[in-house]
Engineer: 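Supplied in structure tokens, the structure appears directly below.
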Amino acid sequence: MYAYYPETTPHAAYARYAAVRLHAGRLLAIGATLASGLLAAALVFPFAPSAARLALSQRWARGMIRALGARLCVEGEAGALGALLVANHVSWLDILAIASHAPAVFVAKSEVRDWPAIGWLAARAQALFLKRSSGRSLLRVKNRIAALLLEGRNVVIFPEGTTSDGSRMLPFRSGLLQAAVDCTRPVQAVAIAYYGEDGNPSVDAAFIDGMTLWQSICAICRAGRITVRLAFAAPLAPAGRSRKELAREARDTIAAILARRPVSHPASETY
């Protein structure tokens, strides 16, 4: 009698080989795209006008999403320039998704500045680094956001202050929304969610539990094709609203969007 081990069949071996090949191919594509971004930031950004830098950043973000093997589906549209975009936060991939569709300045935690390569790129892209639990840093970043909004630049904040697995949202901190109130610029809620190949919510992209950036990249590369859902709600006018009211309305809007099944049709699939 011979024992039968399904995992040793030619089909199982080929499946493992295909998975390893896919993982390695995605990592190579990510490395190549990251290298191209670093070269552009070093050699082109210092001499390019603002519009060209935004276009390059948008193209690079789309390239990174493709390299990761993800698909982006967009619902709604980013509003007029000079809006404060307020999004829930699941992953560092959130930033690529928004940047690929609505060029903007991002507010990031100060620790991102120290990430190898990525931190340098973020600084070249004019990211605003916020030191959490520092009132002075909050005030500085809030004032800078207001100035950018008045210049007609979009700014993105993640008011949860950290990431979650996407199954629930944390409370929204309202401090940075004061920038929109101060300069009476619109606030636009943006809902972000991730789905697996079976159409069900996926945690493969979640950047949680103290994982490193490298661990997160590998987890995404090992996953099947992830779909990133990016849904823009109608802008909220700050007139007559406090920052806390805006934060509450934005959070409620995002929660309502995430509670609905995603729209899936060719027009919504960016790539």
Side-chain angles (χ1 to χ4, degrees), residues 15 18-37 54-79 85 87-104 106 118 121 125 154 156 158 163-167 169 188-208 211 213-233 254-271:
V20 170
R21 185 175 179 180
L22 176 64
H23 186 191
R26 287 179 175 176
L27 288 175
L28 286 172
I30 291 166
T33 306
L34 179 58
S36 70
L54 288 174
L56 284 170
S57 298
Q58 186 174 31
R59 189 181 309 159
W60 181 80
R62 291 181 175 182
M64 282 296 288
I65 291 173
R66 284 193 295 269
L68 288 160
R71 184 182 70 156
L72 178 66
C73 288
V74 181
E75 301 170 22
E77 292 290 340
L85 305 183
N88 62 305
H89 205 11
V90 179
S91 171
W92 53 271
L93 190 49
D94 302 346
I95 296 171
L96 295 177
I98 296 175
S100 71
H101 193 72
F106 288 82
I118 300 296
L121 272 177
N154 289 336
V156 179
F158 299 101
T163 51
S164 71
D165 65 4
S167 63
M169 276 193 298
Q188 186 167 23
V190 184
I192 304 172
Y194 294 85
Y195 300 87
E197 291 180 298
D198 59 2
N200 292 319
S202 170
V203 298
D204 288 324
F207 188 45
I208 54 174
M211 67 193 322
L213 180 61
W214 173 249
Q215 289 171 333
S216 178
I217 291 172
C218 288
I220 294 172
C221 289
R222 285 194 300 267
R225 191 167 175 81
I226 294 173
T227 295
V228 188
R229 180 189 182 191
L230 187 65
F232 292 89
I254 292 171
I257 292 172
L258 295 178
R260 300 195 300 263
R261 294 294 298 174
V263 175
S264 180
H265 55 77
S268 73
E269 296 177 8
T270 307
Y271 28 82

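As the structure is a prediction and not an experimental result, all values here were calculated from the model.
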Engineer: For Gln188 and Glu77, which heavy atoms make the closest approach, and how far apart are they?
Structural biologist: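 Nearest pair, atom of Gln188 first, then Glu77: NE2-O, 2.9 Å.
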Engineer: Given 3.5 Å as the limit, does a donor-acceptor pair link the side chain of Ser91 with the main chain of Ala206, or not?
Structural biologist: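 Absent.
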Engineer: Would you say the side chain of Leu68 lies within less than 4.5 Å of the side chain of Ile220, judging by non-hydrogen atoms?
Structural biologist: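 They are in contact (side-chain heavy atoms under 4.5 Å apart), so the answer is yes.
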Engineer: Heavy atoms only: give me the nearest Asp198-Asn200 pair and the separation to one decimal.
Structural biologist: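 Distance-wise, the nearest heavy atoms are OD1-N, 3.0 Å.
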Engineer: Hey, can you pull the donor-acceptor pairs under 3.5 Å for the side chains in residues 190-197, sequence neighbours left out?
Structural biologist:
{"from": "Tyr194", "atom 1": "OH", "to": "Asp94", "atom 2": "N", "distance (Å)": "3.2"}
{"from": "Tyr194", "atom 1": "OH", "to": "Asp94", "atom 2": "OD1", "distance (Å)": "2.5"}
{"from": "Tyr195", "atom 1": "OH", "to": "Arg229", "atom 2": "NH1", "distance (Å)": "3.2"}

Engineer: Under a 4.5 Å cut-off applied to non-hydrogen side-chain atoms, are Trp92 and Thr163 in contact?
Structural biologist: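 Trp92 vs Thr163: side chains apart.
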Engineer: How many angstroms lie between atom CG of Leu85 and atom CZ of Phe158, to the nearest 0.5 angstrom?
Structural biologist: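 Going from the CG atom of Leu85 to the CZ atom of Phe158 covers 9.5 Å.
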Engineer: For the residue pair Ser100 and Ile65, what are the closest heavy atoms and their distance?
Structural biologist: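 So the two residues come closest at OG-CD1, 3.8 Å.
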Engineer: Quick one: list whatever passes side chain to side chain contact (heavy atoms under 4.5 Å, CB included) with Ser164, sequence neighbours left out.
Structural biologist: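 Side chain to side chain contact (heavy atoms under 4.5 Å, CB included) list for Ser164, sorted by chain: Glu160.
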Engineer: What is the minimum heavy-atom distance between Ala223 and Ile226, and which atoms define it?
Structural biologist: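 Looks like CB-CD1, 4.1 Å.
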Engineer: Quickly, which of Val156, Asn154, Leu93 forms a side-chain contact (heavy atoms from CB on, under 4.5 Å) with Ile98? Name it, please.
Structural biologist: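 Only one option passes, and that is Val156.
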Engineer: Closest approach of Ala102 and Phe232, non-hydrogen atoms and distance?
Structural biologist: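 Of all heavy-atom pairs spanning Ala102 and Phe232, the closest is CB-CZ, 4.3 Å.
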Engineer: If every non-hydrogen atom of Leu121 is compared with every non-hydrogen atom of Gly37, which pair is closest and at what distance?
Structural biologist: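 Answer, listing the atom of Leu121 first, then Gly37: CD2-O, 3.5 Å.
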Engineer: Partners of Arg222 by side chain to side chain contact (heavy atoms under 4.5 Å, CB included), sequence neighbours excluded?
Structural biologist: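 His23, Cys218, Ala219.
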Engineer: Calculate, to the nearest 0.5 Å, the distance between atoms CD1 and CE belonging to Ile95 and Met64 respectively.
Structural biologist: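 One finds 11.5 Å between CD1 of Ile95 and CE of Met64.
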Engineer: For the aromatic rings, using the six-membered ring if either is Trp, is the centroid distance between Phe207 and His89 under 6.0 Å?
Structural biologist: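 Between Phe207 and His89, the centre distance exceeds or equals 6.0 Å.
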Engineer: To the nearest 0.5 Å, what is the distance between CZ (Arg225) and OG (Ser202)?
Structural biologist: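 The distance works out to 13.5 Å.
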Engineer: What I'd like to find out is whether the side chain of Leu230 reaches to under 4.5 Å of the side chain of Cys73, using heavy atoms alone.
Structural biologist: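 The answer is no, as the side chains (C-beta and beyond) never meet within the 4.5 Å cut-off.
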Engineer: Less than 4.5 Å apart, side chain to side chain, heavy atoms only: is that true for Val228 and Leu96?
Structural biologist: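 Contact flag for Val228/Leu96 side chains = no.
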Engineer: Is Ile217 close to Cys221 at the side-chain level, that is, under 4.5 Å between some pair of heavy atoms?
Structural biologist: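 Yes. Closest side-chain heavy atoms under 4.5 Å.
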